[in-house]
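Presented below is the structure to which this report refers.
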Protein chains: 2
Amino acid sequence: MTERLEQFLVNKFECTSEEVSEVVKNFKYIEAAKEELLNEDGNICRNLYFVIEGCVKCNFIDANGQETIRYVAFENQLISSFHSFIKGTPSNEYITVVEPSKLLTISHTDFKLGLSKSSLFKDFYIKMLEITYLNNHWRIRTFLSLDAKQRYEYLIKNDKRIVQRLSNKNLSHFLGITQESLSRIKAKK
Amino acid sequence: MTERLEQFLVNKFECTSEEVSEVVKNFKYIEAAKEELLNEDGNICRNLYFVIEGCVKCNFIDANGQETIRYVAFENQLISSFHSFIKGTPSNEYITVVEPSKLLTISHTDFKLGLSKSSLFKDFYIKMLEITYLNNHWRIRTFLSLDAKQRYEYLIKNDKRIVQRLSNKNLSHFLGITQESLSRIKAKK
DNA sequence: GTGATTATTTATCATTTGTCAATGTTTTTG
DNA sequence: CAAAAACATTGACAAATGATAAATAATCAC
């Protein structure tokens, strides 16, 4: 079940399949049902996930019960409550399965071990952080300079999967607006 | 002029001063005047900067002439148009000096060279990406779940330097609102 | 399949934020 | 120092978004 991750790594790095399997062998395969929580708000996030198939979100609920979605991962994307994973401090968000999913997962312990032993593993980590950076960069940029409607149109243009596969509710929470606002935006088009 | 960077590295890593100087020797000292552009929108950003003293911002101007500030660096912080620096593609933002500044800078070429030669340099890069991740995480989170007033109060509580040292105009552009809105928020308190 | 639950849309009204304009204040520059 | 430019505040109004409620529509659980 690790072909997808291997392929992902081969695409991102120039390296042999032996090197790739050096990284991949540390991951283990799991399946997760819709609405399953891979980590809970308040707990230290000790795992990193790679989505083979399905959809997983990082989300949190504020004092008024309002949900917000910080990040969504589909096929061939990595997901974790990374601030918690990095620092070993409690997370402030959930990791919630959105669609029934097939995942590869690695524990923080194995991750650190891999980093200390393998140079390719370190390169993998750097590449992962770089990809994450680029993603966050655009997320910040769109929030800074676009209104809700423009952010919605940005997603349609640049990340259509999110618009197509998330429910309106989830999509609105990813955009940082209410369901009702998203309904109006879609109606007005 | 490299003591600050050395100290920064010693604080962040457990390593000897010889190891630190291995990284630091690749940086060179420059001074920059207020309003000086370290990189321009459309150009590939080929340098990374460490602020010894002063203040530098990453900002962009939209079609209506509206400025937005994506990131601000003060003393002991790194700054670059990192998406451009990483991928070697044209930047979509300026790097603008806010206060007269003393900086250390390293070219992308020397950075890559350092990465390929020194293991500590790779660790430095990982640490830098992690710090940047944490920063972006909070920036995204506040935009998703807080309104302008709450974001302003968040800054006062968690990053007072930004409120104290930026002009109202710059601060409002960092918060993603207009100067007028910020004025009203401050008046209402 | 049916009832219960959840999601979506629509409408109304309140609040926040943006736009434009006017004015006062501070900073820059010659 | 004085004029000019940039910045900050305030007010009036417009547009965007949130809150609440109600009516469908879709999905889930038994």
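Letters A, B, ... mirror the listed sequences (proteins, then strands); counts begin at 1.
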Select base, sugar-phosphate, or nothing to describe what S183(A) touches, counting heavy atoms under 4.0 Å on all strands. base

To the nearest Å, how far apart are N170(A) CG and dT6(C) P? 15 Å

Tell me which of L182(B) and G176(A) sits closer to the 5' end of DNA chain D, going by the nucleotide each one is nearest to. L182(B)

Are F50(A) and F27(A) close enough that their ring centers fall under 6.0 Å? no

I need the CD-P distance between E67(A) and dA7(C), as an integer number of Å. 10 Å

Taking 4.0 Å as the cut-off, does a side-chain nitrogen or oxygen of S181(A) come that near to OP1 or OP2 on dG18(D)? yes

Tell me: CD of Q179(B) to C1' of dC20(C), nearest whole Å? 13 Å

Identify every side-chain donor-acceptor pair in residues 124-134 of chain A under 3.5 Å, counting partners at least two apart or on other chains, and give the distances.
| unit_1 | atom_1 | unit_2 | atom_2 | d |
| --- | --- | --- | --- | --- |
| Y125(A) | OH | E130(B) | OE2 | 2.3 |
| E130(A) | OE2 | Y125(B) | OH | 2.3 |
| T132(A) | OG1 | M128(A) | O | 2.8 |
| Y133(A) | OH | R70(B) | NH1 | 3.2 |

Return the value, rounded to whole Å, for the distance between atom CG of L146(A) and atom P of dA15(D). 20 Å

Give T178(A) one of three labels, base, sugar-phosphate or nothing, depending on what nucleic acid heavy atoms sit under 4.0 Å from its own. sugar-phosphate

What is the distance, rounded to the nearest whole Å, between atom OH of Y152(B) and atom C1' of dT16(C)? 17 Å

In whole angstrom, give the distance that lies between atom CG of N168(B) and atom C1' of dT25(C). 12 Å

Against Y94(A), only a single residue in I69(A), N43(A), I61(A), L38(A) fulfils side chain to side chain contact (heavy atoms under 4.5 Å, CB included); can you say which? I61(A)

In terms of heavy-atom contacts, C45(A) and S80(A) come closest through SG-OG, 3.4 Å

So if I take every side-chain heavy atom of E180(A) and compare against dA8(D), dT8(C), dA11(C), which nucleotide ends up nearest? dA11(C)

Confirm from the modelled atom types if R184(A) and dG18(D) form a donor-acceptor pair under 3.5 Å, side chain to base only. yes

Side chains of E67(B) and N170(B): closer than 4.5 Å at any heavy-atom pair? yes

From the list dT17(D), dT9(D), dG18(C), which nucleotide is the closest neighbour of the side chain of D147(A)? dT17(D)

Integer-rounded Å distance: dT17(C) C1' and I177(A) CD1: 15 Å

OP1, OP2 of dT28(C) versus side-chain N and O of K34(B): anything below 4.0 Å? yes

Could you state the atom-to-atom distance from NZ of K186(A) to P of dT10(C) in whole Å? 11 Å

